[in-house]
Amino acid sequence: MNLIEKSKKHLWLPFTQMKDYDEDPLIIESGEGIKVKDIHGKEYYDAFSSVWLNVHGHRKKELDDAIRAQLDKIAHSTLLGMTNVPATELAEKLVNLAPGPLTRVFYSDSGAEAVEIAVKMAYQYWQNRGRKDKQKFISVKNGYHGDTIGAVSVGSIDLFHQVYGPLMFKGFKMPVPNVYRHETRDPETCRDECLKGLENVLKEHHAEIAGLTIESMVQGAGGMIVMPEGFLSGVRELCTKYDVLMIVDEVATGFGRTGTMFACEHEGVEPDLMAAGKGITGGYLPIAITYATEEIYDAFYDDYEKLKTFFHGHSYTGNQLGCAVAIENLRLFESEKIVEGVSQRSAQLKKRLAELNRLDHVGDVRQLGFMCGIELVLDKKTKRSFPFESRVGYKASLKMRELGLLTRPTGDVVVFMPPLVSTETELEEMVRIMEKAISEVTKKEADRLAQFKE
Ligand code: PLP
């Protein structure tokens with residue numbers, strides 16, 4: 001049996017309708033720089049950073065070497081009741097990078113777990129402090145925080161989450177400021193309306209709310225919705241005012257993705273708990289973290305018999321290979337000025353992406369740093385979407401694949417999240433491929449629908 005046949009016979013892939021995979025299988029064999037290569041030798045731009053992870057490109061020598069060097073010492077030992085060298089060194093570096101009051105690092109293996117941990121910490125924080133009434137969470141409509149039941153409960157993307165409704169814990173949802181879809185298209189009006197909606201819920205229910213979860217500055221999987229200026233800081237103010245812990249999810253946005261180390265720095269926001277992952281190892285190994293303030297940490301610190309311990313941990317927590325590569329990744333962030341590079345090149349990217357607005361079926365282009373979404377619509381004037389069955393986002397991504405570029409859409413929003421080291425020339429080449437695929441696929445689909453109507 002060849003590899004393709006084996007993959008079809010034995011694998012079940014994440015977020016994948018396997019019927020689609022059977023029609024369009026793809027197996028990656030290697031990578032170099034910002035490109036990956038399949039088993040037939042065809043090369044593709046990794047235009048979504050292998051699901052929003054990659055920083056320095058593939059097979060970065062320094063990262064490869066860091067893992068090899070660690071392997072010569074030890075691959076893994078537990079963090080339950082003890083620590084290891086790289087996990088300890090990394091924690092200090094991470095705390096130095098974090099917004100002010102975040103002084104503690106709790107390790108896990110994925111973004112979903114990092115959020116799940118933050119939610120549990122927020123809940124238990126109040127329990128440990130004797131505020132038994134504070135048990136609920138408020139989260140943002142259309143938000144995404146990963147796929148474990150806790151993360152899904154504070155998430156809100158119907159397509160992914162509705163089926164699990166009965167399994168999820170109930171909470172409050174606040175509206176998201178989607179400027180493109182707001183009738184005024186005025187960022188301030190849209191922002192203020194949502195903040196008002198949040199304040200109304202908090203005013204009435206703050207005594208029973210433990211925490212608020214929110215993605216930082218950009219709702220990623222929900223369609224690359226860039227929050228209007230002043231929104232995240234407005235949420236911070238309300239959380240403080242109503243004594244609700246602010247849990248900021250930087251899993252997608254952290255580690256330079258938006259042109260600052262963490263996206264909440266754009267507005268000087270200091271969360272109480274913060275989840276991060278993805279780019280932390282440069283896209284190499286599964287390490288994630290939950291940052292907490294000293295105040296939260298202190299609420300768990302007591303004699304064992306008081307039962308305030310945080311009873312949570314994963315077998316691979318603080319894995320040495322992952323932490324070693326994360327340390328080298330952070331060193332490269334500094335020596336290669338990665339964050340500054342994203343910030344500079346994203347200005348050029350903005351100009352180039354703005355040109356896509358000229359296409360007949362591009363409704364909106366949204367961007368913060370190297371986190372970009374291109375929303376495809378059937379009718380630009382009315383912002384009417386393509387019918388769900390058209391799957392234009394998906395079809396556009398298949399066309400891009402044919403043209404030598406990989407990305408995955410969220411619905412009809414084309415996601416462009418290239419590795420952070422992508423050069424101006426590479427960015428231009430990637431946008432050119434996306435432009436060609438988008439115009440061809442949307443025209444074909446719009447023509448087909450028009451014919452169908454006649
Ligand atoms: N939070 C956000 C904002 C994300 O975008 C994601 C993944 O895309 C997650 C959490 C989940 O991370 P992971 O896939 O590592 O569990």
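Ligands are counted one by one from 1 in listed order, and the atoms in each one are counted from 1 as well.
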Asker: Any idea which heavy atoms bring Thr213 and Ser139 closest together, and the distance?
Answerer: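 Taking Thr213 first and Ser139 second, the nearest heavy atoms are OG1-CB, 3.1 Å.
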Asker: With heavy atoms under 4.0 Å as the rule, classify the contact between Trp52 and ligand 1 as side chain, backbone, both or neither.
Answerer: side chain
Asker: I want to check something: taking the side chain as every heavy atom from C-beta on, are Val431 and Phe416 in contact at a cut-off of under 4.5 Å?
Answerer: yes
Asker: Considering only the protein, which heavy-atom contact is closest to atom 15 (O) of ligand 1, and what is its distance?
Answerer: Gly111 N, 2.8 Å
Asker: Going by the atom numbers of ligand 1, which of them fall below 4.0 Å from some non-hydrogen atom of Asp249?
Answerer: 1 (N), 2 (C), 3 (C), 10 (C)
Asker: Only one of Lys383, Arg181, His361 clears side-chain hydrogen bond (donor to acceptor under 3.5 Å, both in side chains) with Glu375; which?
Answerer: Arg181
Asker: For atom 9 (C) of ligand 1, find the nearest protein heavy atom and state the residue, atom name and distance (0.1 Å precision).
Answerer: Val251 CG1, 3.7 Å
Asker: Under 4.0 Å between a Lys/Arg side-chain N and an Asp/Glu carboxylate O for Asp38 and Arg401?
Answerer: no
Asker: When you measure from atom 8 (O) of ligand 1 to every protein heavy atom, which one gives the shortest distance, and what is it?
Answerer: Lys278 NZ, 3.0 Å
Asker: Checking side-chain polar atoms at under 3.5 Å, does Ser343 have a donor or acceptor matched by the opposite partner on Glu340?
Answerer: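 Not at all, the side chains of Ser343 and Glu340 share no donor-acceptor pair under 3.5 Å.
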Asker: Quick one: which ligand 1 atoms are inside 4.0 Å of a heavy atom on Ala112?
Answerer: 11 (C), 12 (O), 13 (P), 16 (O)
Asker: Can an N or O of Gly146 be found at a distance shorter than 3.5 Å from an N or O of ligand 1?
Answerer: no
Asker: Is it the case that ligand 1 has an N or O less than 3.5 angstrom from some N or O of Glu215?
Answerer: no
Asker: Parallel, tilted or perpendicular: which fits the ring planes of His76 and Tyr316, with parallel below 30° and perpendicular above 60°?
Answerer: tilted
Asker: Under 4.0 Å from a heavy atom of Ala252: which atoms of ligand 1 are those, numbered in the order shown and with their elements?
Answerer: 5 (O)
Asker: Which residue and atom name correspond to the protein heavy atom nearest atom 6 (C) of ligand 1, and how close is it?
Answerer: Tyr144 CE2, 3.6 Å
